[in-house]
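What follows is a set of notes on a single structure, which appears directly below.
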Amino acid sequence: MQNRITVVEALRKINAELRLLPTERVSLSAALGQVLREEIIAREAIPPFDNSGMDGFAVRMEDLTKIPASLRLDGDIPAGKNPVGEVKPGSCIRIMTGAKVPPGTEAVVPVEWTTEIKPDLVNINRCPKRGAYIRRAGQDVTEGASVVNRGTQITPPVVGMIATAGYQEIKVGRIPRVAVIVTGDELHLEANVPLPPAKIRDANGPGLAAQVLDVGGLVTGPLVARDNPDSLIQALETSQGADVLLISGGVSVGTHDLVKDVLVQLGFRRCFWRVRQRPGGPMLFGTLGSQLVFGLPGNPVSAAVCFLQYVRPALLTLMGAAEVRPPFLRAMLEFPVRKAAGLHHFVRGKAVRQAGGQLVVQTTGPQASNLYSSLQHANCLIHLPEDCVDPSGGQEVKITCLPWSTID
Ligand code: AMP
Ligand code: MG
């Protein structure tokens with residue numbers, strides 16, 4: 001236990017190695033998932049002018065003292081056309097949703113509240129409130145206002161907002177290139193045939209690649225290396241263009257766990273090996289030239305949890321994100337949980353919100369690190385720190401929502 005570091009130290013050692021990836025200019029339409037490296041300022045007010053919220057008629061209030069009111073139809077303003085005249089006493093102007101309202105408009109009467117008596121005569125059957133269905137300039141955003149902050153990861157609504165603010169190209173952090181290498185002689189890669197004896201299917205290659213894509217990274221691989229030095233060296237050489245190497249398996253203390261030694265042969269600088277945590281205790285981290293290397297234990301839950309705890313925040317930091325980890329939420333543990341003293345446990349949990357608003361959490365069942373279903377059925381991780389001893393039912397714990405889940 002002595003030579004193992006704490007979860008906090010592991011995070012600190014990783015952070016010390018992280019450098020922002022370069023900034024690049026990209027087309028907004030291709031920027032989904034990247035992190036903004038500039039502040040977005042609205043070039044104009046949004047909306048840019050007073051416009052109609054309905055298809056209907058622009059009217060003056062003084063003409064509607066008696067309902068129904070008959071008004072002379074005095075023109076038509078489609079969206080995109082600058083109105084020429086104003087609304088004159090006793091008349092109205094047909095207007096489309098989004099069209100600029102003409103001077104003199106005090107309300108828009110929806111077409112459903114009207115009857116067209118003759119081609120140039122409209123009856124208003126219901127009186128709108130003053131200002132009704134006029135969407136005011138700047139109602140959403142005022143000109144020059146900051147609409148998206150630097151460090152924001154670009155989601156579909158952020159794309160829409162930036163486009164509305166008048167940008168076609170934006171500055172973002174380059175996408176991290178992540179090479180996924182899975183190791184093990186036991187991995188059988190052909191999907192549609194029965195498993196040969198003593199072989200297993202590869203969960204980590206596709207699983208880790210999906211986590212990289214989910215956070216906005218670019219995956220190369222997954223490559224498969226066998227438990228011999230030549231095969232590992234070949235995979236590492238193939239991955240030279242990556243910013244980050246994710247290696248699954250082979251970092252523990254077994255005689256076939258060769259990853260550390262092979263990395264060292266190639267010039268690896270080790271920052272740490274082994275963390276006082278479960279799952280993921282044998283995790284390895286360091287650098288190989290300019291590459292960050294995460295050696296993740298092969299058990300699929302260990303690999304996935306180490307990704308969530310260490311790799312995901314690191315990738316977001318490289319991208320320049322302001323928020324790199326989910327906020328801690330407080331929840332009540334429904335049942336006692338068995339826990340090793342002196343280890344930080346990441347327990348897969350299912351949290352639900354009770355009627356009063358309080359979160360209650362229970363584990364997803366047996367927590368051994370080979371049991372993938374414990375992760376698949378979880379919506380959160382329960383964080384039980386080293387000094388927590390045998391947490392009991394009713395105890396308050398910290399949880400984080402999994403990135404692809406919600407708690408409801
Ligand atoms: P290792 O870290 O290489 O000692 O592997 C630990 C456990 O994880 C062993 O039971 C391996 O068979 C298993 N394992 C390693 N790599 C994978 C993988 N890519 N997919 C599924 N299980 C794996
Ligand atoms: Mg192995």
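Just follow the structure's listing: the first ligand is 1, and inside any ligand the first atom is 1. The structure displayed is predicted, hence computed values, not measured ones.
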**Message:** Within ligand 1, which atoms have a heavy atom of Arg201 less than 4.0 Å away?
**Reply:** 20 (N), 21 (C)
**Request:** Select one of side chain, backbone, both or neither to describe which atoms of Leu187 lie under 4.0 Å from any atom of ligand 1, heavy atoms only.
**Result:** side chain
**Item:** Separation of Asp227 CG from Thr183 OG1 (nearest 0.5 Å)
**Value:** 5.5 Å
**Prompt:** Is it true that atom CD of Glu17 has more than 12 heavy atoms of other residues, nucleotides or ligands lying nearer than 6.0 Å?
**Reply:** yes
**Request:** For Pro300, take its heavy atoms, then give the atoms of ligand 1 lying under 4.0 Å from any of them.
**Result:** 21 (C), 22 (N)
**Message:** Using the side chain to side chain donor-acceptor pair (under 3.5 Å) definition, which of the options Lys100, Gln139, Arg136, Arg135 pairs with Asp50?
**Reply:** Arg136
**Fill in**
Scanning both residues in full, the closest heavy-atom pair of Ile175 with Leu21 reads C-CD1, 4.2 Å
**Complete:** atom 16 (N) of ligand 1: of Pro222, Pro206, Gly298, the nearest heavy atom sits on Gly298
**Message:** What protein heavy atom lies closest to atom 19 (N) of ligand 1? Include the residue and the distance to one decimal.
**Reply:** Asp202 OD1, 2.8 Å
**Item:** Gln234 and Ser231 side chains, donor-acceptor separation under 3.5 Å
**Value:** no
**Request:** Can you sort out which atoms of ligand 1 are near Glu186, meaning under 4.0 Å from one of its heavy atoms?
**Result:** 11 (C), 12 (O), 15 (C)
**Complete:** Nearest non-hydrogen protein atom to atom 20 (N) of ligand 1, with distance, is Ala203 N, 2.9 Å
**Request:** Measure the distance from atom 18 (C) of ligand 1 to every protein heavy atom, then report the residue, atom name and distance (to 0.1 Å) of the closest one.
**Result:** Asn204 ND2, 3.4 Å
**Asked** Out of Gly250, Ser252, Gly184, whose heavy atom is nearest to atom 1 (P) of ligand 1?
**Response** Gly250
**Prompt:** When rounded to the nearest 0.5 angstrom, what is the spacing between OG1 in Thr97 and OH in Tyr133?
**Reply:** 11.0 Å
**Criterion side-chain contact (heavy atoms from CB on, under 4.5 Å) against Val178, the qualifying member of Val311, Leu246, Leu208** = Leu246
**Message:** A quick test of your reading: do over 12 heavy atoms of other residues, nucleotides or ligands sit less than 6.0 Å from CD of Gln354?
**Reply:** yes
**Prompt:** Does Gly249 reach ligand 1 with a nitrogen or oxygen that is under 3.5 Å from one of the ligand's nitrogen or oxygen atoms?
**Reply:** no
**Request:** Please work out whether any backbone atom (N, CA, C, O) or any side-chain heavy atom from C-beta onward of Asp257 is under 4.0 Å from ligand 1, and answer side chain, backbone, both or neither.
**Result:** side chain
**Fill in**
So the atoms of ligand 1 within less than 4.0 Å of a heavy atom of Ile200 turn out to be 12 (O), 21 (C), 22 (N), 23 (C)
**Request:** Please check if the side chain of Asn299 supplies one atom and the backbone of Val301 the other of a donor-acceptor pair under 3.5 Å.
**Result:** no
**Prompt:** Can you tell me the protein heavy atom closest to atom 10 (O) of ligand 1 and the distance?
**Reply:** Asn299 OD1, 4.1 Å
